[in-house]
Structure formats: structure tokens, C-alpha cells
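These notes concern the structure reproduced below.
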Amino acid sequence: MKKNQTAVCEILVTSDIHGHIYPTDYRTAEDKNLGLAKIASLIRRERQHAPDLLLLDNGDLIQGSPLTSYCVKHCSGESHPAVAVLNLLAYDAAVPGNHEFNYGQDILRSVIEESNFPWLSAGMIDRLTGEPAFGRPYIVKKAGPSADPVKIAILGVTTHYIPNWENPLHLQGLEFRDALETTRAWVSHIREQERPDLLIVSYHGGFERDLASGEATEKLTGENQGYAICREIEGIDVLITGHQHRLLATQLDGVTVIQPGCHGQALGRILVDWEKRGDQWKIRHKSAELLMVDESVSADETILAMLSGLEAKTQSWLDQPIGQVKGDLRITSPFLCRTADHPFMEFVNKVQMEVAGAPISCAALLSDESQGFGPTITMRDVLGNFMYPNTLTVLRLQGRDIRAALEQTAAYFVVGSDGRLAINPAYIAPKAQHYNYDMWEGIRYELDISRPLGQRVVKLTYLDGSAMEDEMEAEVVMNSYRAGGGGDYEMFKGKPVVREIGADMAELVAEYIREHGTIEASCNDNWRVIPPYPVVQ
């Protein structure tokens, strides 16, 4: 009896690298278990037993580390380091993430031109041509026996929610089509026209529902549609996800699902096993796992050497002192910083107000890893606190809009059964969203967390104590992400834009510090969360 022919294919996946190549914590210059250089060692190890594996990146590659910030700002005309690494490792394809647009389309198109691999994006359309704006929607690869290989189709899709965050100037001429419907249409096309033995969707987006219960884990805005893609679209064998920075390796409705965290903390590994039945390949088994980066994984020496000059210049740039602090701008507790006016956040809002010429400002402490400023401020300190390249936008708002925004920000807190103040779990899982809690300057307000959602703003006035009526208009400066309604701040969408500041926030803060030399810590205590609960930190 003739034994059936079999084939096995390995697919390796990275996502949300955010420019992290060296295994470096740029806040301290210490080594950490992350980065593409360590991921490269895992890839080379896997290639030893699977030389024809497929290697894919799922987006948010080129932005997010001081190394890439320095390169974009100071190394004009040079290749992007993250793309240079992907070229060296012979990636098969990549998908644009939302942060690929942070530096504008010129940088993105330059990166695509430098790439020795295709970028796949089915849903981002050139308005003039009606065609995909960045490369092709999908590719077809072959693997397994050379005489009778299996056929693998890879479709690339990106969350269509990008216009809600990104600077509109970076998106001119583009149309972002619904990712779920785009995936549905292209999967049908690929199944009919290509008849692949395996169909992979690489989706720069995450899951809007709990994978086990199906319960919504966020407002169903369309930002993340991974659950619906798995449940509603027939014909998908593997779904690669990202955007949420989660560590996932599982199955959902027969679809093999992977999401390898962020910053190169893990490499996604998918194995697919086929058996030839008659003249067709049939999938016998699919599995997904995460290969974690730990102390046992050494960084690839070739990559370290290739970028050593750029890394040295970056570290030198980060260590340059740019100013001094009189007083205390350190953040010892991010939680407490969000319960009452804090000198560091007052400084941030003061910079925004002065740069933009606006009387009112709102800003967020972007990460729980933000440490504020010590006695001497360096570029390392600035980038450690302002890691996103957001620009500033001044909107004309009414008093009712400001009140609605404060109610939205007050949803960050809950009061536990023990009466202690805590963070709303929705802001922690499945993705940490501390950056969606805003703190305001130029007004006085109080948030009473003991009251129901939507009724927590118990005081709202101008600084002089005069009432802020619903119909009153005011100019408010905020970052571009928030001005577009990012973080469920729907009240900001479509509001008149008074002016925009083109430079990103890190650049503006650094220039402000250089100009003033010494920054004096101050705090006018213009807002607080009441009553002063015992807190859970």
C-alpha cells in the first residue's frame, strides 16, 4: 500500500517591534530581553532545521525607539535600521502598522523602496487610482516538496482606524476601508482564484472580544476586529495579529491565532502539517507557540556590528544634558500622579500652552514607566517620557465638550468594594491604556469617582473661578491622537481646528528646555480626584 505524501511548513512572525533592535532599555542603557537582534538568533536557529520557512512582520516596525528616532531625524538619506535587519534576515513580507505613518508618507514610501520584500496591504487605497496604496494585497509562496509543493497565500490587512489617531497631513490621498469587509472580499477572491493549500491573514489589529467568552473587551469601534474575522469569514487557516501588544498563541473557531507581544519580546511560530489525498493537499494539523526571548538567547553579533555606529551615536545623543530642574519633577507613583495636579504634568501642559498659544491644555502621562525629570535633563529623559511622535493640535471647543471629555477621562478610575480607588480594568487589559487618562491645565475641576459614570465632574470653572457654561467657546491644545478622537474621545471629532504644530512633542519639549535652561517645578493644584480615597497602586 502506497504511503501518503506529507509536507510540513514553519511560519515565523514578528509584530510591533517599534524600532527595538538592540536588547537595550534606552531609559537606563541596560540590557533587556527584547529586540530584533535577539529575535534574529531565534530565527537563525529555526532555519537550521527548516531552511524554507516563511518569515513575516506584522507592522509597527519603523517607529518607537530612540534609535529609530535618531535615525529619522539625523540620518537623512540612510537606510532605516529596522528594514536593514529585515533585509539581512530575508523576510518574505511585511504589513504596514498604524505607526508606520508617524513620520509621514515620504518616509514610509522610502522604507518600502528600501525593502527586499513586499509590503502587503489590501485595505489602504490610493484615492486617485482606487488601487492598494502600498504594494500588493497578497502574495503566494510555495513550500514543501519541490516536485509537488504546497501553495500558501498571505493576505495583508491593517486596521482602518488609523485616521482617528494620525496627523491628517500624513494620510493625504488615502482611503482606509473597513478591515473586516476587506478581509472578507479578498479571502473569497484568493480562495476562488488562487486555490491555496493554506491561507494566512496577517492583520495589524487585535481582538475586540475575549477569545474564550466572546464578551466585548472594548467599545466596538472597528479598531480591532480579529474576533469577527475568525468567526465570520470562512476560508482563513491562520490569523496573525498585533497592535495590542499581547502574547497569544491559540485556536479560535478552527483558525490558528498568533500575536507575539511587542519590542521583540517573542517570536511567533506556526507549524502546519499536510497530507496528500488524491491530488490535493489536506491540512492534518496546525499549531501555534511563542518562542520567548530570555537570558539564554544571545543577540546576533552580525546585526550588532552592522548597527554599532548608529547605536553609539544614539547613546551619545541621549546622554547630552539639555537643561536643569529647580525643585522636583520626578514621578514616584504614576497612580498618584493621576489623582491630583502634579508638577511634571503641569510642566507638560505649560509647554503645550506656550508653544501653541492656547489658554487651556490637556495631556496624559503616556506610560507607567514614565519617571519625569531628575535634577539634570537629558534627551534620554525626554524620550523616556514622550515616546510617541504626536504633534499638537488646537481645537475650538465648547464648555459641554470639555465637560464630556472630563467625564470620559474620569472613567479611568473605579472604587472597589473595599472603598479604595483603583484603575478601571478596561484600561489595563487586554492592553494597557494609561495614555487615555488626561490631566488639564487652564481650568479648575474635581472628579468624584463615587458617582456614576457620566456624572463625576462635580466642579468645572475657569482658573478665576467663573463658571464654564455649555455654550462658552475656548481654544484647547492637545496631542494629535486625542484631537482625532483617539481613546474614545468622540466629543473632539470634527471640531474646528484652530492651528496645528508640526513638530512632535519630544522635539518641542527638548527645545523648550534648551531655551529656558532651568525648569522650575510648580503646581497650582487646579484639579483633583475626590474624595481622597486610600489608593491601590
Side-chain angles (χ1 to χ4, degrees), residues 24-30 32 64-66 69 315 317-356 361-390 392 409 412-413 421 423 427-428 432-442 447 477-479 481-482 487 503-529 532 535-537:
T24 301
D25 182 344
Y26 284 98
R27 294 169 302 146
T28 62
E30 296 175 349
K32 292 190 73 174
S65 73
S69 293
Q315 292 290 351
W317 174 61
L318 289 172
D319 286 332
Q320 293 176 8
I322 59 174
Q324 304 293 321
V325 172
K326 182 179 180 181
D328 191 356
L329 288 179
R330 294 171 300 175
I331 297 171
T332 57
S333 168
F335 190 102
L336 291 177
C337 178
R338 297 186 180 102
T339 63
D341 196 17
H342 187 282
F344 180 76
M345 291 310 303
E346 182 146 317
F347 163 76
V348 175
N349 278 312
K350 184 177 180 181
V351 172
Q352 293 190 172
M353 293 160 74
E354 184 170 316
V355 167
S361 172
C362 65
L365 184 64
L366 298 176
S367 168
D368 267 14
E369 295 183 349
S370 296
Q371 299 175 355
F373 294 148
T376 299
I377 308 173
T378 65
M379 276 302 301
R380 191 183 303 279
D381 300 319
V382 172
L383 291 174
N385 288 284
F386 303 93
M387 65 287 297
Y388 303 114
N390 294 319
L392 295 180
T409 212
Y412 178 81
F413 289 115
L421 188 67
I423 300 171
Y427 286 78
I428 301 173
Q433 299 182 52
H434 303 295
Y435 51 79
N436 283 329
Y437 177 81
D438 285 341
M439 291 159 275
W440 290 64
E441 190 57 51
L447 307 177
V477 59
M478 63 192 72
N479 70 46
Y481 169 77
R482 188 70 77 239
D504 68 57
M505 192 57 185
E507 184 178 338
L508 293 172
V509 169
E511 184 57 33
Y512 183 95
I513 294 168
R514 290 191 187 100
E515 182 178 328
H516 289 77
T518 298
I519 305 301
E520 188 166 350
S522 63
C523 189
N524 65 356
D525 299 315
N526 65 299
W527 69 272
R528 62 175 180 160
V529 173
V535 299
V536 176
Q537 297 187 39

query = Quick check: does any side chain N or O of E441 sit under 3.5 Å from a backbone N or O of K350, one acting as donor and the other as acceptor?
reply = no

ask   = Under 3.5 Å, is there a donor-acceptor pair between the side chain of N524 and the main chain of G442?
value = no

query = What is the minimum heavy-atom distance between A364 and R482, and which atoms define it?
reply = CB-NH2, 4.4 Å

query = Short question: side chain of N385, backbone of G372 - any donor-acceptor pair under 3.5 Å?
reply = yes

ask   = Considering all heavy atoms of both residues, which atom of L365 and which atom of S370 are nearest to each other, and what is their separation?
value = CD1-CB, 3.6 Å

task = Write down the atom of I377, the atom of G374, and the distance for their closest heavy-atom approach.
result = CG1-O, 4.2 Å

message = If we ignore hydrogens and angles and just use 3.5 Å, is the side chain of N436 paired with the main-chain N or O of Y427 as donor and acceptor?
response = no

message = Between R380 and D319, does any side-chain N to carboxylate O distance fall below 4.0 Å?
response = yes

task = Give a yes or no answer on whether the side chain of E520 reaches the backbone of G327 with a donor-acceptor pair at less than 3.5 Å.
result = no

Any donor-acceptor pair under 3.5 Å from D381 side chain to T378 backbone = yes

key: Separation between CG of L447 and CZ of F413, rounded to the nearest 0.5 Å   = 8.0 Å

remark   = In short, P375 meets Q324 closest at the heavy-atom pair O-OE1, 3.2 Å

inquiry  = Any heavy-atom pair between the side chains of T409 and R338 that's under 4.5 Å?
reply    = no

ask   = Do the side chain of Y481 and the main chain of G487 share a donor and acceptor less than 3.5 angstrom apart?
value = yes

